[in-house]
Amino acid sequence: MATVSEEIAQRDRSFRDRLLEEYGGLQGILFLLPTLVLLSAIVFYPMIVNGFLLSFKQFTLNPDAVDPWVGLDNYQYWLFGAGQSLFLFSLKMTLLYELVVVPFDLVVALGAALVMNESLPARPFWRGLMLAGYASPAIAAGLTFGIMEQAAQYGIIYNTLNIVFDIPASGGITSNTPWAFWGVVIAKVWRDFGFMYVVFLAGVQSIPKELYEIAKVDGAGPVQRFRYITLPHLRTVIVTVVMIRTVFTIGKVAIPWAVTKGGPVNYTTFLGVAIFKRAFLDWSMGLAAALGMLFAVGIIPLILIWVRTETEDY
């Protein structure tokens, strides 16, 4: 049994100590070195040269043009200038998007994993069908949902929701607020819940069946078994996949762009979409790079939380 001093020492271990322990000390770090070098060449270097430095220029794609150095003007545009209202609105909608999509992903994926863990007829087929969305290209999924959310012959989602809700027929779900936001959420959850589903299914299958059998003998119902057996065993898995999904959802452009193109009137212009539109529709690469850097600064705390969570002892 650990003494009080040992418990305090364990709790007060530095982040560096936990990181070295997680990756096998210095030897583990050396094994990671080739990957770090590769990432530096194809990710970090372009990010610094083509992202950070670009954000201080009035950059164009004309190879013969001189790209003047404008200093902090691009950042001033977003933080205090004409782009402030769009930046703040996009930031608000991005946070709302995250707060809705990730919990929905979690609930749908966990529910699907629990159902697919039961004895079902043709279970391999249904398990594979759960991955249909994740296996499909994001653009194709977004365009398909954009069609299904219109008030037309193939507007399955629109016609279903319109039974309960009064959605304007003109433009369907994708061209009316606030329905456009929920149209993107539905498409995003269907497209991406497969990632969480696979991880949760593996986690559920690793739980000893004897625990459920003993709980049944003791009179525990399905809700109690889920609360006191399933959730505690999946705690680490849930924290990990939620952090991964949060980081990787926040900058995705394909689904929102394919479903609504950021409309109506910038209502679904999340930060990733705003960067895309500024760069490839307005060709303002410097402004897009500055917004991208602001975006990256906002993501860094999430990544640090994720890394710290991964190195914690549960």
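Residue numbers count from 1 along this sequence. Everything numeric in this text was worked out from a predicted model, so none of it was measured.
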- What orientation do W190 and F145 show, parallel under 30°, tilted 30 to 60°, or perpendicular over 60°? tilted

- Query: Which class fits the ring pair F181 and Y97: parallel under 30°, tilted 30 to 60°, perpendicular over 60°?
  - Reply: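 Aromatic pair F181/Y97 classed perpendicular.
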
- Message: Can you list everything that forms a side-chain hydrogen bond (donor to acceptor under 3.5 Å, both in side chains) with Y212? Sequence neighbours excluded, please.
- Response: T230

- Check the pair Y154 / E149 against side-chain contact (heavy atoms from CB on, under 4.5 Å), numbers first and verdict last. CA-CA 8 Å; Y154 302 104; E149 292 171 359; over 6 Å; no

Hey, does the side chain of [X] reach the backbone of [Y] with a donor-acceptor pair shorter than 3.5 angstrom?
| X | Y | result |
| --- | --- | --- |
| R225 | K216 | no |
| T260 | G262 | yes |
| S136 | G133 | yes |
| N162 | Y158 | no |
| N74 | Q58 | no |
| T268 | G263 | yes |
| N176 | G172 | yes |
| S90 | T269 | yes |

Spatial distance of atom [atom1] ([X]) from atom [atom2] ([Y]) [nearest 0.5 Å]:
| X | Y | atom1 | atom2 | answer |
| --- | --- | --- | --- | --- |
| I275 | K277 | CD1 | NZ | 12.5 Å |
| N266 | T177 | CG | OG1 | 12.0 Å |
| F276 | D282 | CZ | CG | 11.0 Å |

Just wondering, do [Y] and [X] contact through their side chains at under 4.5 Å, heavy atoms?
| X | Y | value |
| --- | --- | --- |
| V101 | K252 | no |
| Y75 | F80 | no |
| V241 | F200 | yes |
| W179 | F165 | yes |
| I299 | L271 | no |
| F270 | K92 | no |
| L110 | F226 | yes |

- Message: Count I, L, V, M, F, W, Y as connected when their side-chain heavy atoms are under 4.5 Å apart, and connections chain through other members. Are L129 and L120 then in the same cluster?
- Response: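 Yes; tracing contacts between hydrophobic side chains, which count when under 4.5 Å, links both residues.
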
- Note on the structure: Of L143, T174, T144, the one forming a side chain to side chain contact (heavy atoms under 4.5 Å, CB included) with V259 is T174

- Message: With a 6.0 Å cut-off on the ring centroids, do F193 and Y134 count as close?
- Response: no

- Take F56 and V70, measure what side-chain contact (heavy atoms from CB on, under 4.5 Å) needs, and give me the verdict at the end. CA-CA 6 Å; F56 296 102; V70 296; 5.6 Å; no

- Query: Will you find, in the side chains of E98 and T249, an N or O donor that is under 3.5 Å from an N or O acceptor?
  - Reply: no

- Apply the test side-chain contact (heavy atoms from CB on, under 4.5 Å) to residues L106 and I238: give CA-CA distance (whole Å), side-chain angles for both, the deciding distance (0.1 Å), then the verdict. CA-CA 8 Å; L106 175 63; I238 290 174; 4.1 Å; yes

- Tell me, please, which residues at least two apart from F104 pass ring-ring contact (aromatic ring centres under 6.0 Å, His included). none

- Does CH2 belonging to W126 count more than 12 external heavy atoms closer than 6.0 Å? no

- Apply side-chain contact (heavy atoms from CB on, under 4.5 Å) to the pair L294 and F87, showing each step before the final yes or no. CA-CA 10 Å; L294 294 173; F87 171 67; 4.3 Å; yes

